[in-house]
Amino acid sequence: GAVVSQHPSRVICKSGTSVKIECRSLDFQATTMFWYRQFPKQSLMLMATSNEGSKATYEQGVEKDKFLINHASLTLSTLTVTSAHPEDSSFYICSAQRTGYEQYFGPGTRLTVT
Amino acid sequence: DAKTTQPPSMDCAEGRAANLPCNHSTISGNEYVYWYRQIHSQGPQYIIHGLKNNETNEMASLIITEDRKSSTLILPHATLRDTAVYYCIVRASGGGADGLTFGKGTHLIIQP
């Protein structure tokens with residue numbers, strides 16, 4: 001299957017700072033990338049959908065000014081959590097998809113805001 | 001996308017077949033059934049998907065009833081590494097540009 005990587009795998013930051021998470025499709029070009037988050041003992045929740053070269057589409061309740069998504073190429077998308085607060089602590093997971101194929105997920109990034 | 005119903009948890013003995021059911025009674029004609037699993041603290045892993053015919057790959061088999069209102073994922077020889085949360089997801093077309101809607105899934109525990 002296709003390989004998707006995320007970096008970093010874990011990050012701890014102080015409240016008020018910003019954190020950038022990278023998502024890369026390593027062996028295919030992804031027409032669409034998705035960002036999810038997962039709180040402890042809960043299921044994954046879709047945050048936003050991004051297509052290369054265009055603005056991301058955010059799900060209801062997700063603040064686009066707080067969670068900045070950039071999809072600069074067909075193999076790279078980034079999620080920046082701006083002015084992070086403890087309630088943003090979560091497991092952030094990206095997925096990548098080629099048109100007509102299933103989604104492949106990255107290993108996830110554990111964000112802890114202190 | 002149609003909703004799915006799965007049992008919250010199941011146990012299976014190592015080496016036996018694990019059969020995970022999923023109900024999707026409101027599935028429509030162009031919706032596929034997808035299965036993913038998530039091992040603790042990892043990203044979900046794609047397992048298999050199908051429209052109406054039974055499917056098999058190196059990981060599992062997918063059996064879809066004739067009326068398509070339910071399906072069963074079969075792991076033929078379960079190992080301890082198959083312990084995970086298994087998600088049954090119904091979505092339109094085989095790869096449209098929509099995010100996946102995850103339910104609560106089935107926590108499968110393989111017992112030694």
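So you know, we letter chains A, B, ... as the sequences are listed, proteins then strands, and number each from 1.
There is no contact between Gln45(B) and chain A, counting heavy-atom distances below 4.5 Å. Neither the backbone nor the side chain of Gln6(A) comes within contact range of chain B; no heavy atoms are under 4.5 Å apart.
Cluster membership check: Phe105(A) does not share its hydrophobic cluster with Leu76(A), using side-chain heavy-atom separations under 4.5 Å among Ile, Leu, Val, Met, Phe, Trp and Tyr. Ile64(B) and Ile74(B) fall into different hydrophobic clusters, where Ile, Leu, Val, Met, Phe, Trp and Tyr are joined by side-chain heavy atoms under 4.5 Å apart, directly or via other members. Put simply, Val62(A) and Ile69(A) are part of the same group of oily side chains (I, L, V, M, F, W, Y) that touch within less than 4.5 Å, one to the next. No continuous path of hydrophobic side-chain contacts links Met33(A) to Tyr92(A) [ILVMFWY only; heavy atoms under 4.5 Å]. A chain of hydrophobic side-chain contacts below 4.5 Å, direct or via other Ile, Leu, Val, Met, Phe, Trp or Tyr residues, connects Met10(B) to Tyr86(B).
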### Message
Would Leu100(B) and Phe34(A) count as a side chain to side chain contact (heavy atoms under 4.5 Å, CB included) here? Give the steps.
### Response
CA-CA 9 Å; Leu100(B) 298 177; Phe34(A) 304 87; over 6 Å; no
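Between Gly103(B) and Ser43(A), the shortest heavy-atom contact is O-OG, 2.6 Å. Summarising the geometry of Gln42(B) relative to Phe91(A), their closest heavy-atom pair is O-CE2, 3.7 Å, with the distance given to 0.1 Å. Nearest heavy-atom pair across Tyr36(B) and Gln103(A) is OH-O, 2.8 Å. The nearest pair of heavy atoms linking Arg110(A) to Ser41(B) is NH2-OG, 3.5 Å. Across every non-hydrogen atom of Gly43(B) and Ile93(A), the tightest pair is CA-CG2, 4.3 Å.
Note that CD of Gln38(B) and CD of Gln38(A) are 4.0 Å apart. Values are rounded to the nearest 0.5 Å. The structure places OH of Tyr36(A) at 5.5 Å from CZ of Phe102(B), a figure rounded to the nearest 0.5 Å. Annotation: the span from Thr49(A) atom OG1 to Asp98(B) atom CG amounts to 7.5 Å, rounded to 0.5 Å.
No more than 12 heavy-atom neighbours from other residues, nucleotides or ligands sit within 6.0 angstrom of CE on Met45(A). The local environment of CG in Leu51(B) is crowded, with over 12 non-hydrogen atoms from other residues, nucleotides or ligands closer than 6.0 Å. Within a 6.0 Å sphere centred on NZ of Lys104(B), heavy atoms belonging to other residues, nucleotides or ligands number 12 at most.
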